[in-house]
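The structure appears right after this line, and notes come after that.
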Amino acid sequence: MNAEIGLIGGNDFIATVTQRCQLPIHRAIASYQKTEILSWVHNHETAILIIEASSLISQGLCQDIKASNPLRYLYCIVVAQPQHPLSLTEEAEMIEQSADAYLRFSSPTATPTEQILLENRLFSAYLQAGMRQVNQFYQLQHTNDILSTIALSDSLTGLGNRRALEWELSRQIQLSRHQQQPVSLIIIDVDYFKSVNDTHGHLIGDRILQLLTIRLQNSLRVQDTLFRYGGEEFIVLLRQSDLTQAEAIGQHLRRSICETPFTLNRGLTLSITISLGLTQLQDTDDPQGQNILQRADDNLFKAKNAGRNRLVSSI
């Protein structure tokens, strides 16, 4: 991707840099007020900032800009105008205060053309270096997003895994209490799944879990989320659902599985049933969700002991 370039400084500075820059300037702010500049950077997507080396804005500005935008990569190039050159001490302080590069422009009317061209070349080199740094950051960010998705996904079904459930469950509990909306949870277990693996092999067992996932997802509402908890166990988070509403959804899920056999490769057809344990979030439940999970698991145990292919719910 191409990073956006922004200019910060006075009107004369903006005009000079615009003339010398060989890349498009996307945004500019003519200001020396630090609070105004910080707000402007925060509200725009510029990644490379060309900053006038004025005593009003250079002192600590790069450091403050980066500190106030910790989730973005910002590359700051500080440029001194010929009428306001910096000392070596000031240049060192610039870099120490998080500036990524420093450049001093010479006066075009009193400087040989060759030197102006070299300054422009150095300026362009700094911009290209900034582009590379920003692009590398976004590539790493994209890679991290992919790795995070893999870490939170079940490889067989594509559903969120147990780690994803733990994160989402605590988030939904917090939202439920803030918005005063009910949340219910169902644990689903495939009945006699071990016998499927023992009789037909693990590949057929895996295929059953994939087809079951598709059927369950097609039977849920948009606001409901299905997770693979482990093995043949699944969990459904039902947002904005009290126990009565959740029971109706749970029974719909149960019927969607037991009433239509699963047709697999080689003409094999298997009838599958599921047992379900359901409960609703209570005010006394812990914020991580261990209480609601335990109650749902207890109800699942009751459903299996009562003959399977049924739903047991309680608060």
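A quick note: this is a predicted structure, and the numbers were derived from the prediction, not measured.
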Are there over 12 heavy-atom neighbours, none belonging to [X], within less than 6.0 Å of that residue's [atom1]?
X      : atom1 : answer
His44  : NE2   : yes
Phe301 : CZ    : no
Asn305 : CG    : yes
Gln282 : CD    : yes
Arg177 : CZ    : yes
Arg104 : CZ    : no
Gln174 : CD    : no

For [X] and [Y], work out which heavy atoms get closest and say how close.
X      : Y      : answer
Tyr75  : Ala101 : OH-CB, 4.1 Å
Ser176 : Leu281 : OG-CD2, 3.7 Å
Leu38  : Ser68  : CD2-OG, 4.0 Å
Ser219 : His252 : O-CD2, 3.3 Å
Gly9   : Glu52  : CA-OE1, 3.4 Å

Taking side chain as C-beta onward, heavy atoms only, is [X] less than 4.5 Å from [Y]?
X      : Y      : result
Ile77  : Leu49  : no
Ser153 : Leu159 : no
Ile50  : Ile8   : no

Check this for me, if you would: do [X] and [Y] make a salt bridge, where the nitrogen-to-carboxylate-oxygen distance has to be below 4.0 angstrom?
X      : Y      : value
Arg162 : Asp154 : no
Lys66  : Asp100 : yes
Arg254 : Glu247 : no
Asp224 : Arg221 : yes
Lys302 : Asp298 : no
Glu168 : Arg171 : yes

- Would you check, one step at a time, whether the test side-chain contact (heavy atoms from CB on, under 4.5 Å) holds for Leu103 with Val78? CA-CA 6 Å; Leu103 177 68; Val78 177; over 6 Å; no
- Check each of Ile274, Thr273, Ile272 against Asn309 using the side chain to side chain contact (heavy atoms under 4.5 Å, CB included) test, and report the only one that passes.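 Of all the options given, the one that passes is Thr273.
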- Query: Phe105 ring centre to Arg20 NZ or CZ under 6.0 Å, with the angle to the axis within 45°?
  - Reply: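 Verdict for Phe105: a cation-pi partner in Arg20.
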- Pi-cation contact, Phe262 with Arg215 (under 6.0 Å, within 45°):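 Yes, cation above the ring, under 6.0 Å and within 45°.
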- Task: Please determine, by modelled atom types, if Ser106 and Gln115 share a side-chain donor-acceptor pair under 3.5 angstrom.
- Result: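 Note: Ser106 and Gln115 side chains meet the donor-acceptor criterion.
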- Verify side chain to side chain donor-acceptor pair (under 3.5 Å) between Ser31 and Glu36, making sure each step is shown before the conclusion. CA-CA 7 Å; Ser31 175; Glu36 186 179 4; 2.9 Å; yes
- CA sep, side-chain torsions, deciding dist, call: Asp189, Ser275, side chain to side chain donor-acceptor pair (under 3.5 Å): CA-CA 5 Å; Asp189 185 83; Ser275 299; 5.9 Å; no
